[in-house]
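Only one structure is covered here, and it is reproduced in the block below.
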Amino acid sequence: MKLVLVGPPGSGKGTQAKMLIEQYQIPQISTGDILRQAVKDGTPLGKEAKTYMDQGALVPDALIINLIKERMKAPDCKAGYIFDGFPRTIAQAEALEKLLQGLATKLDAVISIEVPEDEVVKRLSGRRTCKSCGALFHVLYTPPAKQGICDKCGGELFQRDDDNEATIRQRLAVYRTQTAPLIAYYTKQHVLKVVPGTGEPQDIFTAICRALKNEE
Ligand code: AMP
């Protein structure tokens, strides 16, 4: 199963990807997570990406496409993958299409998770992530039992540098202009499935699974 999750920042792509991993036993490929790790490790990619990420801008397509090309070579990608936060531009989508053609394969589905912008701002400003296992929490909606500590592994929770209101607004503007055109792009290719992204994560997951049933 080869999937793409599209949606504004804070639409729940990461949460749903983690549930899909269990269901389909395929890895999540989050370009955001890969870039954050590169920033943390201080690699040349991380150093270049950080300036863009801190401003809520997109990292240049060429860097992202290279990163994806390498990641797709890993053995765990044989049975498929869930792209989370990639592609983010039409140029990235076209590059992905070429890559997949070269491997004589194609996407099974693109899931568009729809959430209104004011809801997204509320979600992102309260979002917390576990430093150790990546589990996601929200200070109001899904708080951990102990403040600042991950329920799953006891790791420390942190707030992403780009989850502040000014950067969130900028990321949403970038989504509207550069990423939202992917909806029309994938509609034309007859692979787009639209799922409402408001409500309980489990209900959204059920809706995604229902949409994918026809693709198995
Ligand atoms: P995310 O965790 O998906 O919200 O990504 C965080 C930041 O990483 C974004 O605001 C961008 O600066 C950068 N980024 C992640 N994925 C991409 C991508 N596919 N293309 C360009 N920039 C990306």
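Order of listing sets the numbers, starting from 1, for every ligand and every atom in it. Atoms considered below: every heavy atom in the structure, side chains included; atoms not considered: hydrogens, waters and symmetry mates.
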State whether the side chain of Asp108 and the backbone N or O of Lys2 hold a donor-acceptor pair below 3.5 Å, judged by distance alone. yes
Would you say the side chains of Asn164 and Thr167 form a donor-acceptor pair under 3.5 Å? yes
N/O to N/O below 3.5 Å, does that happen between Pro87 and ligand 1? no
Please state which option from Gln55, Lys13, Arg88, Lys50 has its nearest heavy atom closest to atom 1 (P) of ligand 1. Arg88
When you look at Gln25 and Leu20, which way does the side-chain contact (heavy atoms from CB on, under 4.5 Å) test go after all the steps? CA-CA 8 Å; Gln25 301 290 310; Leu20 286 161; over 6 Å; no
Would Asp76 and Arg71 pass as an ion pair if we require N to O under 4.0 Å? yes
Taking N or O atoms only and a 3.5 Å limit, does Thr31 qualify as a polar contact for ligand 1? yes
Contact atoms of ligand 1, heavy-atom distance to Arg160 under 4.0 Å: 1 (P), 2 (O), 4 (O), 6 (C)
Backbone N or O of Gly56 within a donor-acceptor pair of the Asp162 side chain at under 3.5 Å? no
Going by the atom numbers of ligand 1, which of them fall below 4.0 Å from some non-hydrogen atom of Gln92? 18 (C), 19 (N), 20 (N), 21 (C)
Can you figure out which of Val59, Asp84, Leu35 has its heavy atom closest to atom 21 (C) of ligand 1? Val59
Hey, is ligand 1 close enough to Arg36 that some N/O pair sits below 3.5 Å? yes
Scan Leu96, Thr31, Ile65 and name whichever one has a side-chain contact (heavy atoms from CB on, under 4.5 Å) with Pro87. Leu96
Please confirm whether Gly56 comes within less than 3.5 Å of ligand 1 when only nitrogen or oxygen atoms on both sides are compared. no
Within ligand 1, which atoms have a heavy atom of Gly85 less than 4.0 Å away? 16 (N), 17 (C), 18 (C), 19 (N)
Give yes or no for whether the N/O distance cutoff of 3.5 Å, strictly under, is met between Ala57 and ligand 1. yes
Are any of the N/O atoms on Tyr52, whether in the backbone or the side chain, positioned under 3.5 angstrom from an N/O atom of ligand 1? no
Mind running side-chain contact (heavy atoms from CB on, under 4.5 Å) on Arg123 and Val115 for me, showing each step along the way? CA-CA 10 Å; Arg123 286 187 189 183; Val115 180; 4.0 Å; yes
